[in-house]
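Shown next, in structure tokens, is the structure this report addresses.
For this chain, numbers begin at 1 and follow the sequence in order.
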Amino acid sequence: MEQVVRAYNENEKHGVPFSGVIGVSGAYAQSAEAAYGYANRSEKIPNQAATRFGIASGCKVFTAVAICQLVEQGKLDFDTKLSECTDTAFPNFDPGINVHHLLTHSSGVPDYFDEEAMDDFEELWRERPTYGMTEVSHFLPLFAEQPMKFAPGKRFAYNNSGYILLGLIVEKVSGMKFRDYVQTHIFDSCGMNDSGYFRMDRLPERTALGYMDSEKDWKTNIFSLPAIGGPDGGAFTTTGDLDKFWDALLNYKLLSEKVTQKLLSPQIAEDEDTAYGYGIWIGMDGKQVRCRYIMGFDPGVSMVSRIYAQSGLRVHVLANVDGAAWQVAADVGASTRESECRKSPT
């Protein structure tokens, strides 16, 4: 890991040195963690193995697991229509949108942050105070009355709004606030004691601040993200807790074997090398699964957590600087003599 980080830092195109935690476990690899950079630059508090990091869209998998749990409980089905499990009217949405479409980014609903047309998440909050975005429903005015992008099931298009809608479904069907549901039925069930949806202005101990721009002219991301995360992103966790989550998921402690395999199996192709399950990315080698992973990128946040299919090797990279995690995770995987997922995020 030291060699990988050194090479990353020496590459001038990366600009800011890597700051975060790398964890490797599983298979034949000896479990190891290494921390770099600062959790708090002002106070010169270094990152440690137990430091908590924001994971942006990496937590979409928690939303998917929550939905799958409710399916197992018989409270809804994957083909349940959106109109059947929410109280909100969507005048321009196709009535055929169902839960499966939302889970697989194939619903065609308008995205409040359309990654096919936008590249600066911070721009969303220049006319909307981030401190007011505290409930799942607060995101609805950003997209609820906009027209569809395409017919449900027609194609894959990464979509944050779809996961906002899944969060509304969790609240409607379970009778619990989304964050309370995930805390109780996923984090607590897995023993993920360092994980949670923390307010940006009330971060607990051992939580890294997210940093933007250069090492000398930096700022934190407190004004660049919603006040608190939700079903489309924004939870905080550690590399150790990510390992606990994968253990629980793969050993069928969160879901039955049948539904777990559905969540982990390719449901829709993004391209010839990459598929998507339920809340999880899947690197493909032809028809064979090469690796499964979650990833997240926000201003001041970068993460990848990957499991290689053949060996079970796990690589977790959590960073509190822009864009660093993907290259480091790929190089760590390569350094352990594993085949890599070479698809870069858009």
Side-chain angles (χ1 to χ4, degrees), residues 55-68 70-71 76-83 85-86 90 92-119 121 124 136 139-140 142-144 146-170 178 182 229-235 259 262-284 289 291-298 303-306 326 341 343-346:
I55 61 171
S57 289
C59 64
K60 281 185 171 69
V61 69
F62 304 144
T63 304
V65 169
I67 288 289
C68 288
L70 295 171
V71 169
L76 75 161
D77 295 306
F78 293 119
D79 60 2
T80 299
K81 300 292 192 295
L82 173 63
S83 59
C85 47
T86 61
F90 300 99
N92 298 313
F93 285 13
D94 190 307
I97 298 169
N98 62 28
V99 171
H100 171 84
H101 294 140
L102 297 171
L103 285 166
T104 56
H105 301 286
S106 62
S107 67
V109 301
D111 196 2
Y112 77 86
F113 181 67
D114 188 347
E115 297 189 10
E116 295 179 347
M118 305 170 65
D119 59 9
F121 190 64
L124 281 171
V136 179
F139 288 81
L140 290 177
L142 301 182
F143 67 91
Q146 293 181 13
M148 295 281 292
K149 293 178 63 177
F150 54 84
K154 184 177 181 181
R155 65 181 177 91
F156 176 96
Y158 192 79
N159 191 299
N160 292 286
S161 294
Y163 272 70
I164 292 293
L165 296 173
L166 289 170
L168 289 176
I169 292 172
V170 170
F178 172 80
V182 173
D232 64 325
V259 176
K262 188 175 182 70
L263 180 144
L264 293 172
S265 297
Q267 299 294 331
I268 190 169
E270 184 196 25
D271 56 34
E272 62 181 13
D273 298 320
T274 311
Y276 200 81
Y278 285 166
I280 193 167
W281 297 90
I282 304 170
M284 303 296 295
V289 172
C291 63
R292 297 178 173 89
Y293 57 100
I294 58 175
M295 63 180 180
F297 300 89
D298 268 340
M303 70 82 59
V304 179
S305 178
R306 178 182 299 157
W326 185 267
C341 288
K343 168 74 177 173
S344 294
T346 55

Quiz item: Backbone N or O of Y112 within a donor-acceptor pair of the S161 side chain at under 3.5 Å?
Solution: yes
Practice problem: For the pair H105 and F156, name the ring-plane relationship: parallel under 30°, tilted 30 to 60°, perpendicular over 60°. | Solution: perpendicular
Quiz item: Can you tell me if D232 uses its side chain to pair, donor with acceptor, with the backbone of Y163 under 3.5 Å?
Solution: no
Exercise. Taking D298 for its side chain and G234 for its backbone only, find out whether a donor-acceptor pair lies under 3.5 Å.
Key: no
Self-check item: Closest approach of C59 to G233 (non-hydrogen atoms, all atoms of both residues)
Solution: SG-CA, 3.3 Å
Quiz item: How many angstroms lie between atom NE2 of H100 and atom OG of S107, to the nearest 0.5 angstrom?
Solution: 11.0 Å
Quiz prompt | Interatomic distance, L102 atom CG to Y278 atom OH [nearest 0.5 angstrom] | solution = 10.5 Å
Self-check item: Q146 side chain vs D111 backbone, donor-acceptor pair below 3.5 Å
Solution: no
Exercise. Supply the atom-to-atom distance M284 CE to R292 CZ, rounded to the nearest 0.5 angstrom.
Key: 8.5 Å
Quiz item: For the side chain of D77 and the backbone of T80, is there at least one donor-acceptor N/O pair under 3.5 Å apart?
Solution: no
Practice problem: Return yes if some donor-acceptor pair links the side-chain N/O of Y276 with the main-chain N/O of P266 below 3.5 Å, else return no. | Solution: no
Quiz item: Closest approach of G167 and T63, non-hydrogen atoms and distance?
Solution: N-CG2, 4.4 Å
Self-check item: Any donor-acceptor N/O pair, K81 side chain to I97 backbone, under 3.5 Å
Solution: no
Practice problem: Classify the ring geometry between W281 and Y293 as parallel (under 30°), tilted (30 to 60°) or perpendicular (over 60°). | Solution: parallel
Exercise. Just do the side-chain hydrogen bond (donor to acceptor under 3.5 Å, both in side chains) check on S57 and Y158 with the steps written out, would you?
Key: CA-CA 11 Å; S57 289; Y158 192 79; 3.1 Å; yes
Practice problem: Dump the intermediate steps for side chain to side chain contact (heavy atoms under 4.5 Å, CB included) on N159 and F143, then the final yes or no. | Solution: CA-CA 11 Å; N159 191 299; F143 67 91; over 6 Å; no
